[in-house]
Number of protein chains: 2
Amino acid sequence: MKCRSYEDFFKNFANKTKFRIIMSLKDKPMSVNELARKIGEEQSKVSHNLAKLARCSILGVKQKGKQRIYSLNKETVIPMLRMVEKHVEKHCNTRCNK
Amino acid sequence: MKCRSYEDFFKNFANKTKFRIIMSLKDKPMSVNELARKIGEEQSKVSHNLAKLARCSILGVKQKGKQRIYSLNKETVIPMLRMVEKHVEKHCNTRCNK
DNA sequence: ACTTCATATGAACAATAATTCATGATATGT
DNA sequence: ACATATCATGAATTATTGTTCATATGAAGT
């Protein structure tokens, strides 16, 4: 199953685990276990989430020995995040927690 | 409850009803009933969804008599949609349904 | 061929979000 | 003050997503 709609695309940003994965990959590409360790979640969970992210081309993958290295599609994602950041700054008042 | 995180923000685009509302409001601001008729959903459903969209400042509201006119925050939303559109064009191969 | 390491996958279960339905609130006109 | 139109809200229900756990797959080395 491919990412077949805008909604599907956005779902990948609308979830904490996926979002943390995205954020982690801003620095550098990583293998599944690396990521799992970095965000403190178990392999299977990370793997499931990676699959969905990759299906929507938010991430890319390449094999490297036994490992799979996931990398962020920066072309799309970085500008997107920047926009939302700007939006939140502007509209989310000082205490954004509640 | 306010929109307190990026995830919350993105949730508003990750749902069919909300997405259709957003799309409908690209043309012009509308009242709740207008919207409900336009997308063929019942008032209560639309209203619940509008509430969330407005909390994240994806929509704005103003009262006009008994009606509430919801309008799209085009500044943020239009460029966002354009970006995703581009992404989908590029990465979603010819038959994007399946 | 066997073992190991890294990752993927399916199915059961849990958590979260969306919808529905009944009702409440508010503005407006009479 | 009452009736009506428009919209919001809460709670129960349903639907969708996410997680967990056990297991499968696949690459690499021996």
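Numbered from 1 within each chain, the chains take letters A, B, ... in sequence-line order.
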K.L.:
Is there a side-chain polar atom (N or O) of A/Ser31 under 4.0 Å from OP1 or OP2 of C/dT7?
P.N.:
yes
K.L.:
Can you find a side chain N or O atom of B/Asn33 that sits less than 4.0 Å from OP1 or OP2 on D/dA5?
P.N.:
no
K.L.:
Starting at atom CD1 of A/Ile21, determine the distance to atom P of D/dG18, rounded to an integer number of angstrom.
P.N.:
11 Å
K.L.:
Spell out yes or no: do the side chain of B/Gln43 and the base of D/dA8 have one donor N/O and one acceptor N/O closer than 3.5 Å?
P.N.:
yes
K.L.:
Send over the distance from A/Glu41 CD to C/dA8 C1', rounded to a whole Å.
P.N.:
18 Å
K.L.:
Determine whether any donor atom in the side chain of A/Ser44 lies under 3.5 Å from an acceptor atom in the base of C/dT9, or the reverse, and answer yes or no.
P.N.:
yes
K.L.:
Rounding to an integer number of Å, can you tell me how far B/Gln63 CD sits from D/dA8 C1'?
P.N.:
11 Å
K.L.:
In whole Å, what is the span from the CZ atom of A/Phe10 to the P atom of D/dT17?
P.N.:
15 Å
K.L.:
Does any donor atom in the side chain of A/Asn49 or A/Lys18 lie under 3.5 Å from an acceptor atom in the other side chain?
P.N.:
yes
K.L.:
Is there side-chain contact between B/Asn15 and B/Lys52, with heavy atoms separated by less than 4.5 Å?
P.N.:
no
K.L.:
Of B/Ala51 and A/Thr17, whose nearest nucleotide on DNA chain D comes first from the 5' end?
P.N.:
B/Ala51
K.L.:
So, is B/Asn49 near the phosphate of C/dT19, with a side-chain N or O under 4.0 Å from OP1 or OP2?
P.N.:
yes
K.L.:
Base, sugar-phosphate, or nothing for B/Lys18, non-hydrogen atoms under 4.0 angstrom?
P.N.:
sugar-phosphate
K.L.:
Of the residues in residues 64-73 of chain A, which ones touch DNA chain D at a heavy-atom distance under 4.0 Å?
P.N.:
A/Gly65, A/Lys66
K.L.:
Once you round it to whole Å, what is the distance between C1' of D/dG18 and CZ of A/Phe19?
P.N.:
18 Å
K.L.:
Which heavy atom in B/Asp8 sits nearest to a heavy atom in B/Cys56, and how many Å separate them?
P.N.:
O-SG, 4.0 Å
K.L.:
Between P on D/dT16 and NZ on A/Lys52, what's the gap in Å once rounded to a whole number?
P.N.:
13 Å
K.L.:
Nearest 0.5 Å, please: how far is CG in A/Leu50 from CZ in A/Arg68?
P.N.:
10.5 Å
K.L.:
How are the rings of B/His87 and A/Phe9 set to each other: parallel, tilted or perpendicular (split at 30° and 60°)?
P.N.:
tilted
K.L.:
Could you give the CG-to-P distance, from A/Leu59 to C/dT7, as a whole number of Å?
P.N.:
14 Å
K.L.:
Rounding to a whole Å, what distance do you find between A/Leu53:CG and C/dT7:C1'?
P.N.:
16 Å
K.L.:
May I ask you to evaluate whether A/Asn15 reaches the phosphate of D/dT17, defined as a side-chain N or O under 4.0 Å from OP1 or OP2?
P.N.:
no
K.L.:
Just to verify, what does A/Arg20 make a salt bridge (Lys or Arg N to Asp or Glu O under 4.0 Å) with, not counting sequence neighbours?
P.N.:
A/Glu41
K.L.:
Any N or O donor-acceptor pair under 3.5 Å from the base of C/dT7 to the side chain of A/His48?
P.N.:
no
K.L.:
Roughly how far apart are A/Met30 CE and A/Leu59 CG, rounded to 0.5 Å?
P.N.:
11.0 Å
K.L.:
Determine whether A/Ile69 and A/Ile22 fall in the same hydrophobic cluster, where Ile, Leu, Val, Met, Phe, Trp and Tyr are linked whenever their side-chain heavy atoms lie under 4.5 Å apart.
P.N.:
no
K.L.:
Tell me which nucleotide among D/dC21, C/dA6, D/dT6 gets nearest to the side chain of A/Glu42.
P.N.:
D/dC21
